[in-house]
*Asks:* 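Sharing a structure, written as C-alpha cells. Questions coming.
When a ligand or atom number is given, it counts from 1 through the structure's own listing order.
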Amino acid sequence: MKRTKIIDLLATQPGGEVCAKGWVRSHRGSKNVDFIALNDGSTIKNIQVVADPARFDEELLKLITTGACISVEGQLVESVGSGQAVEIQATKIEVLGTCGADYPMQKKGQTFEYMRQHAHMRLRTNTFGAVMRIRHNMAMAIHTYFHEHGFFYFHTPLITASDCEGAGNMFQVTTKNLYDLQKDEEGKIIYDDDFFGEQTSLTVSGQLEGELGATALGAIYTFGPTFRAENSNTPRHLAEFWMIEPEVAFLDQEELMDLEEDFIKYCVRWALDHCQDDLEFLNKMIDKTLIERLQGVLKEEFVRLPYTEGINILQEAIKNGKKFEFPCNWGDDLASEHERYLVEEHFKKPVIMTDYPRAFKSFYMKQNTPVDAANPDGASVGYRGAVAPGPTMQGTDVLFPAIGEIIGGSVREADYDKLMSEIERRQMDQTHLWWYIDTRRWGSCPHAGFGLGFERLILFVTGMQNIRDVIPFPRTPKSAAF
Ligand code: 4AD
Ligand code: MG
C-alpha cells in the first residue's frame with residue numbers, strides 16, 4: 001500500500017484505508033489497547049496509532065519502542081481522544097528498524113549540550129525537527145523574496161585568493177604535502193607548485209565577486225557557505241555558516257536600509273505565515289515570548305541610528321549606572337552587549353546602525369565627506385547631515401533583539417581615487433584585487449549591499465539560544481564531527 005505523509009493524513013477526512021511510516025515517539029500499552037505516537041518528520045505533529053493487542057503478536061508489540069521505525073496500515077478514523085482529529089486503527093504493523101534502549105534520544109528533556117554530542121540523532125527530536133523545517137522555509141523565503149524583486153541568484157567561488165573582509169581569518173586550501181614544505185630564502189612557503197599556483201583559502205564572503213555581478217546584472221544575491229577561522233567560541237559564531245549577500249547597483253544609503261528592513265521583515269512574516277505549528281511548539285517549549293517578538297519586529301519601524309549617536313546613548317547609560325564589560329568610546333567596535341542594550345533596553349526595537357568609524361570597517365566602504373577637505377582624517381559628515389568626530393564610512397548594520405548584529409552591510413566606495421587611497425592607506429596587498437579595482441575604472445557606478453548571517457536569522461526566528469543548534473552539523477573550534 002502506498003504510504004501517505006503524516007502531514008497529509010492529519011488533513012484528511014476520516015474513512016478509508018491508509019498507510020503511514022515513521023519513527024515511534026512513544027508507545028503506551030495496556031490490556032485492551034495500545035497507543036503509538038508516530039512521527040515522520042513531515043510535521044511536528046504525530047499521528048496516533050491505535051492497536052488492539054489481541055490482534056497483534058506480543059513479540060511484535062514489544063519491538064515498537066521509542067525510536068523504532070515502523071510501517072502501519074489501517075483505517076483512518078475520527079479520534080475520540082483530544083488533540084487530534086483523526087487516528088489510525090491499525091490492521092497491520094511492520095517493524096522496519098528496531099531501536100534498543102541504548103538509543104541516545106530515548107529520554108525526553110536532554111540538554112542541548114548532550115544533543116550536540118549526538119548530532120546524528122538529534123534531528124529526530126521535536127525541537128530539531130521544528131528548527132530544520134523552519135530553516136528550509138527561511139531559505140525558500142529568501143529565494144522567493146529576491147526572485148520576486150528582480151534579483152538574480154549569483155554563484156560566487158568558495159575557493160579564493162583574496163581576503164574580502166581583510167580580517168585574515170581564512171582556512172587555507174592546498175594540495176601540498178604538509179610533511180615536506182618547500183620554503184624560499186626568506187622562509188616563506190613556495191606556492192608555485194601548489195594546485196592553483198598561489199596561496200588560496202576558503203571564502204569569508206562572496207561580496208567582491210558579487211559586486212562584479214551587480215555592476216553587470218543590476219541586482220544579484222548570493223546564498224552559500226562561508227568560512228571563518230575566528231577562534232570565537234560564542235553562541236553566535238560558527239566556523240562554517242551560510243550567508244546571503246545581495247548587491248545592488250544605483251542604491252544609496254537610505255535605499256540600502258529600506259532593503260535591509262523590507263527583506264528581513266519579509267522573512268519573519270514568512271515564518272509566521274508558513275511555520276505556525278513549529279513556531280507554536282518552540283514558543284511553548286523554548287521561548288514563551290518568541291511569537292510575540294516576531295510579531296513585534298513586523299510592527300516596528302527600525303530605528304536608523306548613526307554610530308556617533310549610539311555612542312552618546314551608551315555613554316549616557318554608563319553615567320546613569322549601567323555597567324558594560326567592554327569599553328564603548330567613540331572609535332571602539334561595539335560589543336554585542338552594547339548592541340543589545342540599544343536594541344533591547346533603549347529603543348526596544350531593531351536598530352540599523354550607520355556611519356561607523358573607518359578604523360574597524362572594511363576598505364571597500366563608501367567614505368563620508370570630511371568636514372574640512374584639507375583634513376581627511378578629521379570630522380566627517382554622514383547620514384542626514386550628522387557630524388562625527390572622526391572619519392566614518394557608510395556601513396549599515398542591522399542589530400536585532402536577542403541576537404545583536406544580524407546583517408552587516410554598506411554602500412561601496414565607487415570612486416577610483418578614494419578607493420585606491422584607502423587601499424594604500426591600509427597597505428593592502430593589491431595583487432589579488434586588480435579585477436575588483438577594475439570595476440571602478442570602467443563604468444563605475446554607485447552600489448550597495450549587505451550580508452545576512454543565515455544562522456543568526458534562524459536563531460532569531462526559532463528562539464534558540466545557541467548557533468550550534470540551528471545548523472544540522474556545526475563547525476566550531478575543535479569540533480568538526482559528523
Ligand atoms: O558583517 P560581515 O562580516 O559582512 C560581510 O562579510 C560583508 N562582506 C557582507 C556584505 O556587505 N556583502 O558578515 C555578515 C553577517 C554578519 O552580520 C553575521 O550575521 C554573519 O554574517 N556572520 C556570522 N555568522 C555566524 N558565524 C560567524 N562566524 C559569522 N560572521 C559573520
Ligand atoms: Mg559585521
*Asks:* Nearest 0.5 Å please: distance from the CG atom of Asp333 over to the OH atom of Tyr307.
*Replies:* 7.5 Å
*Asks:* Determine whether the side chain, the backbone, both or neither of Asp397 has a heavy atom under 4.0 Å from any heavy atom of ligand 1.
*Replies:* neither
*Asks:* Within the 4.0 Å heavy-atom shell around Gly453, which atoms of ligand 1 are there?
*Replies:* 15 (C), 19 (O), 20 (C), 21 (O)
*Asks:* For Phe360, is the NZ or CZ atom of Arg358 found under 6.0 angstrom from the centre of its six-membered ring and inside 45 degrees of the ring axis?
*Replies:* no
*Asks:* Could you tell me whether some N/O pair between Ser205 and ligand 1 is separated by less than 3.5 angstrom?
*Replies:* yes
*Asks:* May I ask you to identify the nearest protein heavy atom to atom 12 (N) of ligand 1, giving residue, atom name and distance to one decimal place in Å?
*Replies:* Glu245 OE2, 2.7 Å
*Asks:* Any N/O/S atom of Glu405 sitting less than 2.8 Å from the Mg ion (ligand 2), backbone or side chain?
*Replies:* yes
*Asks:* With nothing but distance in play, are any N or O atoms of Arg412 less than 3.5 Å from an N or O of ligand 1?
*Replies:* yes
*Asks:* Between Val204 and ligand 1, does any nitrogen or oxygen pair lie at a separation below 3.5 Å?
*Replies:* no
*Asks:* Quick one: does ligand 1 sit under 4.0 Å from the side chain of Glu165, the backbone, both or neither, non-hydrogen atoms only?
*Replies:* side chain
*Asks:* Indicate yes or no: does an N/O atom of Phe241 lie under 3.5 Å from an N/O atom of ligand 1?
*Replies:* no
*Asks:* Has Ser444 got a side-chain atom pairing as donor or acceptor with Arg441's backbone, closer than 3.5 angstrom?
*Replies:* no
*Asks:* Check each of Glu230, Arg228, Glu240, Glu405 against atom 28 (N) of ligand 1 and report the one with the nearest heavy atom.
*Replies:* Glu230
*Asks:* Do any N/O atoms on Gly408 end up under 3.5 angstrom from N/O atoms on ligand 1?
*Replies:* yes
*Asks:* Would you call Glu345 and Arg340 a salt bridge, taking side-chain N to carboxylate O under 4.0 Å as the test?
*Replies:* no
*Asks:* Can you find an N/O atom of Leu238 closer than 3.5 Å to an N/O atom of ligand 1?
*Replies:* yes
